[in-house]
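Step one of this worksheet: look at the structure below.
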Amino acid sequence: MEKYVVFGKYCEDAIIKREPFREQHLKRLKNLKDRNILVTLGPTKCTKYLFAIFNASDEYQLRDLIEKDIYWEKGIWINYDIYPWVQAF
C-alpha cells in the first residue's frame with residue numbers, strides 16, 4: 001500500500017448542504033479507517049477545503065474510493081487533487 005495526500009474543495013455552504021448526508025458519510029469513513037485505508041480526513045478550519053491521508057494500492061483505487069463517497073456524489077466535495085506521499089517519520 002502507498003500513502004496519498006488528498007487536498008480538495010467543498011461547495012459553497014457545505015456545512016448546511018452536507019447535513020442530510022453526514023451520517024452516511026461518517027459511517028463510511030469509519031469503515032475505511034477501521035480497514036486501515038483512511039488515515040485521517042477533515043475540513044480546514046475555514047471549512048472551504050478538505051485534507052486527507054489514505055493508504056491505497058494506486059491512485060486509481062483512491063479515485064474510485066473518493067468518487068463513491070456520498071459527499072462527492074451529492075456535490076459537497078467539488079474537486080480534489082491526489083499526491084503520492086512519503087512519510088519521513
Subject >> Test log, rule side-chain contact (heavy atoms from CB on, under 4.5 Å), inputs Asp64 and Lys68 >> reply: CA-CA 6 Å; Asp64 188 53; Lys68 285 184 178 173; 3.2 Å; yes
**OP:** Using the side-chain contact (heavy atoms from CB on, under 4.5 Å) rule, take Leu41 and Leu38 through it: C-alpha gap first, then chi angles, then the decisive distance, then the call.
**Re:** CA-CA 7 Å; Leu41 186 146; Leu38 175 64; 3.8 Å; yes
**OP:** Could you walk me through whether Arg28 and Ile70 pass the side-chain contact (heavy atoms from CB on, under 4.5 Å) test, one step at a time?
**Re:** CA-CA 9 Å; Arg28 182 172 183 272; Ile70 191 74; over 6 Å; no
**OP:** Step by step, work out the side-chain hydrogen bond (donor to acceptor under 3.5 Å, both in side chains) result for Lys3 and Asn55.
**Re:** CA-CA 5 Å; Lys3 288 198 182 303; Asn55 294 308; 2.9 Å; yes
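Side-chain heavy atoms closer than 4.5 Å link hydrophobic residues (I, L, V, M, F, W, Y) into clusters, and following such links, even through other members, never connects Ile66 to Tyr60. Hydrophobic clustering, with ILVMFWY side chains joined whenever heavy atoms are under 4.5 angstrom apart, keeps Tyr83 apart from Val6.
Rounding to the nearest 0.5 angstrom, the gap separating the CG atom in Leu29 from the CZ atom in Arg22 is 10.0 Å. The OG1 atom of Thr47 sits 11.5 Å away from the NZ atom of Lys45 when rounded to the nearest 0.5 Å. The distance from the CE atom of Met1 to the OG atom of Ser57 is 6.0 Å, given to the nearest 0.5 Å. Here the straight-line distance linking atom SG of Cys11 with atom CD1 of Ile16 works out to 9.5 Å at 0.5 Å rounding. Between the CG atom in Asn31 and the CG atom in Leu26 there is a gap of 12.5 Å [rounded to 0.5 Å].
Side-chain contact between Phe54 and Val5 is absent, with no heavy-atom pair separated by less than 4.5 Å. In this structure, Leu65 and Leu32 have side chains that are in contact, with non-hydrogen atoms separated by less than 4.5 Å. In this structure, Pro43 and Tyr10 have side chains that are in contact, with non-hydrogen atoms separated by less than 4.5 Å. Using a 4.5 Å heavy-atom cutoff, the side chains of Leu62 and Ile37 are not in contact. Put simply, the side chain of Phe7 does not reach to within 4.5 Å of the side chain of Leu50, judged on heavy atoms.
Residues Trp77 and His25 bring their aromatic ring centres within 6.0 Å. Between Phe21 and Tyr71, the ring centre distance reaches or exceeds 6.0 Å.
Between Glu23 and Lys27 no salt bridge is recorded (no basic side-chain N to carboxylate O distance below 4.0 Å).
Checked by atom type and distance alone, the side chain of Asp58 pairs as donor or acceptor with a backbone atom of Gln61 at under 3.5 Å. A donor-acceptor pair under 3.5 Å is formed between the side chain of Lys17 and the backbone N or O of Glu12. Counting only distance, with no hydrogens or angles, the side chain of Lys9 and the backbone of Tyr80 share no donor-acceptor pair below 3.5 Å.
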